[in-house]
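All remarks here apply to the structure that follows.
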Amino acid sequence: MGIKGLTKLLAANAPNSMKETTFESYSGREIAVDASTSIYQFLIVVGRNGTQMLTNDAGQVTSHLQGLFSRTIRLLEAGMKPVYVFDGKPPDLKKQELAKRHSKRMDASEYLAAAIESGVKEDIEKYSKRTVKVTRQHNEDCKKLLRLMGVPVVEASSEAEAECATLCKTGKVYAVASEDMDTLTFGAPIFVRHLMGSSRKFPVVQYEVAKILKELNLTMDQFIDLCILCGCDYCDGIRGIGGQTALKLVRQHGSIENIVEKISKVRYRIPENWPFQEARCIFKDPVVSVSDQNHVFEWITPDEEVLKNFLVNENGFNHDRVTKAIGKIKAANYRSSNRRLHSLKPWLRTSVPLKSKETKCQLGVPSAFLNPKMFSLQVYMHLRPKLLWPSVDELVRPVNLFLGVCKELALFSSYIHVSSSWSIFFLLFPFQALLLLYLMGLQAFFDMDAIGRLNKTKYECLLFDMDDTLYPMSTGINYACRKNIEEYMLQFLEIDASEVPRMCLELYKEYGTTMAGLKALGYGFDNDEFHAFVHGRLPYERLKPDPVLRNLLLSMPQRKIIFTNADKAHADQVLSRLGLDDCFEGIICFETLNPPFEPNSYEDEVYKCLSSEEPDYNLLFSDSERKADAIYDENDDSLLPKSQILCKPSLESMEAAIQIANVDPKKTIFFDDSVRNIASGKAAGLHTVIVGSSELVPGADLALTSIHNIKEALPEIWEEEEDQFEQVVQSTAVETVDVLA
DNA sequence: ACTCTCACTGTAGACGCG
DNA sequence: ACGCGTCC
DNA sequence: ACGTACAGTGAGAG
């Protein structure tokens, strides 16, 4: 039911918080839409004639598909980028409200039956609408349709409105379009009503939460209390108190607790066991899906064939109509991908900071004073001898070799889940296991001998992203990091608070990291200073040592290298907290790809791949010269300033990493949690594994919910030990032969 | 008289043709 | 501009 | 084992 009477209350008490806009003005904007309410409306109204609805051959209702299909196309054609958010589990507090609705529907069903009996058309019409219920199947149909159309779908973990609001707060969408006033209570910064009202019965209205608070002169907490008092889905208000009185009381007393204490108990009866605090919690800290802070929504081209099959063959849509509609989606996609670059322009013109420069160098150590040695390659690439086995040299005789294997296996079985049949086998029948391994070894030796010197090694190197890959997203490090970046932009770059989240994300999207984007826009801050601020006060204590992962890593025979966009200090801190310091041969980090100065001191091959970009001379130049870097051609619409920073997901960064690590991409597996990094990793020729996702994404060869599942999902990594083993055996044999010869 | 609350009821898409 | 039938 | 919401109305309380 949303918040009772909030529209009126705001119209009367905060008229300036709402402004009339137009449908067209949201062109180019990402808009979150609550899917359930839309589907509900479609089911009620699309193609309804009494109890008749639009159906497919199988007699299943298709009204929701019809409605959603045309509405979404309408949005796309207007240049908007819709994100549909589906409901998750409703909070427990909402149960009673839902039960009420359920019983109402049951009543309506009875009335409907009676109406059909008596044959009164209007009653049939009326009551059949009231029995409408959005089922799981409807939801699934719609998700499928949207995905085929290339439109992003979000599954909220609880209330869709809460999820929408969070998407908006974090800048992933520009606004939430809904009719539900709850959206404001959940704190969606920009909330649009009647956006879909093609009837023009109501104009499109935009609410801004910040303006509401300002005009009502309330804090967000107080506003939430106000909404609870007005009456929300989660608990009753106080009888006799509506919007007006609630506003007065909140202004006067500040919080529900105080109001309860002060108001007349004679006149107002406070409900017993009134769960207003729980309701407050739902609004204030709603359960939302823990999504990747850096995840970027994409509106991709529709899957034409499958979409046609779904609509035409399965649901009886008119073929020509669908074909025409798909054409519209494609055209809209094409236009908006061209338009995307425009969205950064406003910041280019207005945001190049002038004042912030003076204070710039006081926070961090100017890089010029840092010891150049610190940036030599060795620091970032702790090159160690390639460690394949314990004491490889000693493995002259098979027995020694098997002792090594035993060690590894013993290590495995101590922590790997029981599912590893090898480990069990080894534990139960150590002697037999040894014998079997011995035989396998001999077999491998002879196989190898037959094949000759052909190198069978499948993987030589494993390239790991660090944050959100080696430890889960839920630690909140990523979130804290983002907050710090926003804080930095606010404090030191003097960017307007209202622009920060959105700008942050846009730059991230366009340049790979927000920092790279800021640099490209001409902000001349110091890299180290930025990193120090952003990574300085992260809640590292939340990272706990991960011995399981450590053992997994140590048991992998391949080279293992970290590839992160973060700086060295952060990488060191994280790895040390996780207890993984010594698991990696090297770290490719921000400084590796963006040497502070003296790019010449780099190895030739590294420099070669960097030289296609302008080296970052930025730090050596004066402010005015730096500003000149941001100059772009006003007349060329497609040109944005190039980033001077090399980072994922650019293909150049991938190739640079491959060169620095000196690996063959075909024999390297790249682990990352970001879809676009995976895509560009694939483009660079790497094997790719998306971590933290249960579904495959474009460009990924494999999906891992957690890095801990690596052994189950990629047994090849360990199986390769046998390959390595063959190699060792063989090379040993060859050497022996040489010696003998 | 006037303000406010409450309970109840009604209504809700999108397109294209003429 | 509008009403009205149609979509499946 | 489930899934929506506001606007308008008029009666009645204070």
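Below, chains carry the letters A, B, ... as their sequence lines are ordered, and counting in each starts from 1. Keep in mind it's a predicted model, so treat the numbers as computed, not measured.
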If I take atom [atom1] in residue [X] and atom [atom2] in nucleotide [N], what distance separates them, rounded to the nearest angstrom?
X	N	atom1	atom2	value
A:Gln52	C:dC8	CD	C1'	11 Å
A:Asp87	D:dA5	CG	P	8 Å
A:Lys94	D:dG3	NZ	C1'	8 Å
A:Arg267	B:dC4	CZ	C1'	9 Å
A:Asp34	D:dA5	CG	P	8 Å
A:His319	C:dC7	NE2	C1'	17 Å
A:Phe42	D:dA5	CZ	C1'	14 Å

Name the nucleic acid region contacted by [X], choosing base, sugar-phosphate or nothing; use a 4.0 angstrom heavy-atom cut-off, strictly under.
X	result
A:Gly88	base
A:Thr7	sugar-phosphate
A:Ser36	nothing
A:Asn318	sugar-phosphate

Review point. Has A:Arg74 got its NZ or CZ under 6.0 Å from the middle of the six-membered ring of A:Phe23, at an angle within 45 degrees of the ring axis?
Key: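 Yes, cation above the ring, under 6.0 Å and within 45°.
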Taking atom [atom1] in both [N] and [M], what distance in whole Å separates the two?
N	M	atom1	answer
B:dG13	D:dT4	C1'	16 Å
B:dA12	C:dG3	P	14 Å
B:dC15	C:dA1	P	16 Å

Exercise for review: List for me each residue that meets ring-ring contact (aromatic ring centres under 6.0 Å, His included) alongside A:Tyr84, sequence neighbours excluded, and say none if there are none.
Suggested key: none
Exercise for review: Starting at the 5' end of nucleotides 5-12 of chain B, put B wherever the base has a protein heavy atom under 4.0 Å, S where only the sugar-phosphate does, and a dash everywhere else.
Suggested key: SSS--S-B
Check your understanding: Syn or anti for B:dA1, with syn set at within 90° of 0?
Key -> anti
Answer yes or no: is there an ion pair linking [X] with [Y], defined by an N-O contact shorter than 4.0 Å?
X	Y	result
A:Glu298	A:Lys509	no
A:Glu140	A:Lys144	no
A:Glu155	A:Arg147	yes

Among the candidates [options], find the nucleotide nearest to the side-chain atoms of [X].
X	options	result
A:Asp182	D:dA5, B:dG13, D:dC2	D:dA5
A:Lys328	B:dG13, B:dG16, D:dC2	B:dG16
A:Thr62	D:dC2, D:dC6, C:dC8	C:dC8
A:Arg136	D:dC6, D:dC2, B:dA14	D:dC2
A:Ser70	D:dC2, C:dC8, B:dA14	B:dA14

**Study point:** Pair A:Asp141, A:Gln137: side-chain N/O donor-acceptor within cut-off below 3.5 Å
**Key:** yes
Review point. For residues 37-63 of chain A, which residue pairs qualify under salt bridge (charged side-chain N to carboxylate O under 4.0 Å, His left out), counting only residues two or more places apart or in two chains?
Key: none
Point to revise | A:Leu307/A:Leu145 under side chain to side chain contact (heavy atoms under 4.5 Å, CB included): CA gap, chis, key distance, verdict | key: CA-CA 7 Å; A:Leu307 181 53; A:Leu145 174 63; 3.7 Å; yes
